[in-house]
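To start, the structure under review is shown below, and the notes come after it.
Quick caveat, the model's predicted, so the values are computed rather than measured. Here is how names work: the chains are called A, B, and so on, in the same order as the sequence lines, proteins then strands, and each is numbered from 1.
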Amino acid sequence: MLIPWFDAHARDLPWRRPDTTPWGVLVSEFMLQQTPVGRVAPVWAEWLARWPTPSAMAAAPQADVLRAWGKLGYPRRALRLHAAATEIATAHGDRVPSELDELLALPGVGAYTARAVLAFGYHRRAAVVDTNVRRVIARAVHGAGDAGPARTSADLADAERLLPDGPQSRAARYSAALMELGAVLCTASRPRCAGCPVHADCAWVGAGRPEYTGPARPTQRYAGTDRQVRGRLLDVLRGAPGPVPRSALDAAWSDAAQRDRCLLSLLDDGLVEQLDGTSFALPGERGTEART
DNA sequence: TAAACGTGGCG
DNA sequence: TCGCCAAGTTT
């Protein structure tokens, strides 16, 4: 019932097209780590057109990759994807690995992304546990109002137990369907149980849809945080055609102590390079003259 | 294990 | 307006 529903209602996302390569899937999964589908789609298309293979991306300077990443957020992901591309190009013959342990060894690839590549890139039997699947399992299997704190190995075991027997491609499709269910129907707020293909078997519905009772997720602020300051600084570098003088970065945030601390952390993360005493640039940037 | 890590849309 | 939330990973 879940797969037929998916057959009929799956969103037409660009990375789901049949001609998408495992590399295309890997790129999409990096971008989708904490960034909504709607913002990823246009950027993903540009990336695949520009860098259709891992080696193509590996050949690009990090600065180009960071600019192309734009405002997707968490730019360390762009650096890790570039590093993964380099490793795939040099150590895997330019082919995205199709073994779980090899995928997990790539920078920026964790339990979710590795299995997503197996399922969506290679149509292999793999349980994917993301925020959507965690919520669906919490409700449909355990009758809870929502997923509480991470229970990583238990969720993975639950998800694996749900996978249908038979061809691996069918289990892979089931994984996609489970995610889709959480993304479009079994949503965090106001789930649309009417029209849910597993409504009749849902433990949460069976229990009368009880409220979530677990601990509240810690609310994370953004305004005034180092994350915002780092974002501002990086935005200056992305927007400039080349290296910028320190004064350009100084203008991005008034609190000098916080600004300096954040610049140091960006340098430490490899997201920014210092070219000389007074000029800064995205890593791998060509050109040496600072512009005002 | 908890905290850090960007950004923007929506109710 | 503002809190919530979005296909996580790393340290």
Side-chain angles (χ1 to χ4, degrees), chain A residues 6 10-11 13-16 20 24-44 66 69-81 83-84 103-121 126-137 146-153 155-156 159 172 175-184 186-191 212 215-238 252-253 261-262 265-266 268-272:
Chain A
F6 187 60
R11 291 168 295 174
L13 303 176
W15 45 87
R16 282 181 178 165
T20 301
V25 170
L26 182 66
V27 172
S28 77
E29 295 302 340
F30 265 84
M31 292 182 169
L32 288 163
Q33 290 169 3
Q34 299 284 279
T35 300
V37 163
R39 265 196 282 158
V40 165
V43 182
W44 180 85
L66 285 169
W69 189 259
K71 308 201 81 168
L72 288 181
Y74 294 144
R76 289 192 290 198
R77 290 181 292 164
L79 247 33
R80 290 180 182 142
L81 177 52
L103 286 162
L104 289 171
L106 296 172
V109 175
Y112 164 77
T113 301
R115 289 171 176 81
V117 169
L118 291 180
F120 312 143
V128 297
V129 179
D130 72 331
T131 187
N132 293 303
V133 171
R134 291 202 331 113
R135 185 171 53 249
V136 170
I137 286 175
D146 211 334
R151 42 192 288 283
T152 312
S153 56
D155 280 331
L156 183 58
S175 288
L178 208 54
M179 284 181 61
E180 188 77 349
L181 184 67
V184 307
C186 196
T187 49
S189 62
R190 293 162 101 21
Y212 171 71
R217 185 184 304 183
T219 168
Q220 68 168 0
R221 314 196 178 303
Y222 181 61
T225 61
D226 284 4
R227 291 226 299 291
Q228 182 183 26
V229 178
R230 286 165 53 103
R232 288 278 186 85
L233 294 173
L234 216 45
D235 198 42
V236 171
L237 277 313
R238 275 197 308 261
W253 195 257
R261 167 158 45 86
C262 289
S265 75
L266 288 170
D268 192 52
D269 289 343
L271 284 162
V272 176

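Shown here are the salt bridge (Lys or Arg N to Asp or Glu O under 4.0 Å) partners of A:Arg77, two or more places apart in sequence or in another chain: there are none. With sequence neighbours excluded, the residues forming a salt bridge (Lys or Arg N to Asp or Glu O under 4.0 Å) with A:Arg238 are A:Asp235, listed by chain and number. For A:Ser265, the side-chain hydrogen bond (donor to acceptor under 3.5 Å, both in side chains) partners two or more places apart in sequence, or in a different chain, are A:Arg230. Contacts of A:Glu180 classified as side-chain hydrogen bond (donor to acceptor under 3.5 Å, both in side chains), with partners at least two apart in sequence or in another chain: A:Arg11, A:Arg16. For A:Tyr112, the side-chain hydrogen bond (donor to acceptor under 3.5 Å, both in side chains) partners are A:Glu29, not counting sequence neighbours. In this view, A:Arg39 satisfies the salt bridge (Lys or Arg N to Asp or Glu O under 4.0 Å) rule with no residue, not counting sequence neighbours. In terms of the side-chain hydrogen bond (donor to acceptor under 3.5 Å, both in side chains) criterion, A:Trp15 has no residue partners (sequence neighbours excluded).
Using a 4.0 Å heavy-atom distance criterion, A:Thr219 is classed as a sugar-phosphate-only contact. If you check every strand for non-hydrogen atoms under 4.0 Å, A:Val109 touches sugar and phosphate atoms only. Counting non-hydrogen atoms under 4.0 angstrom, A:Leu266 reaches nothing in the nucleic acid. Across all strands shown, A:Ser28 has no heavy atoms under 4.0 Å from either base or sugar-phosphate atoms. Across all strands shown, A:Ala111 has heavy atoms under 4.0 Å from sugar-phosphate atoms exclusively, and none from any base. Here A:Tyr222 lies in heavy-atom contact (under 4.0 Å) with a base. In this structure, A:Gly110 reaches the sugar-phosphate backbone alone: every heavy-atom distance under 4.0 Å involves primed, P, OP1 or OP2 atoms, never a base.
In summary, contact between chain A and DNA chain C, defined as any nucleotide atom under 4.0 Å from a heavy atom of the protein, begins and ends at C:dC4 to C:dT10 in the 5' to 3' direction. Of all nucleotides in DNA chain B having an atom under 4.0 Å from a heavy atom of chain A, the first and last in 5' to 3' order are B:dC5 to B:dG8.
Residue whose closest nucleotide on DNA chain C sits further toward the 5' end, between A:Glu29 and A:Leu106: A:Glu29.
Side-chain atoms of A:Val128 and A:Phe120, non-hydrogen and from C-beta on, do get closer than 4.5 Å to each other.
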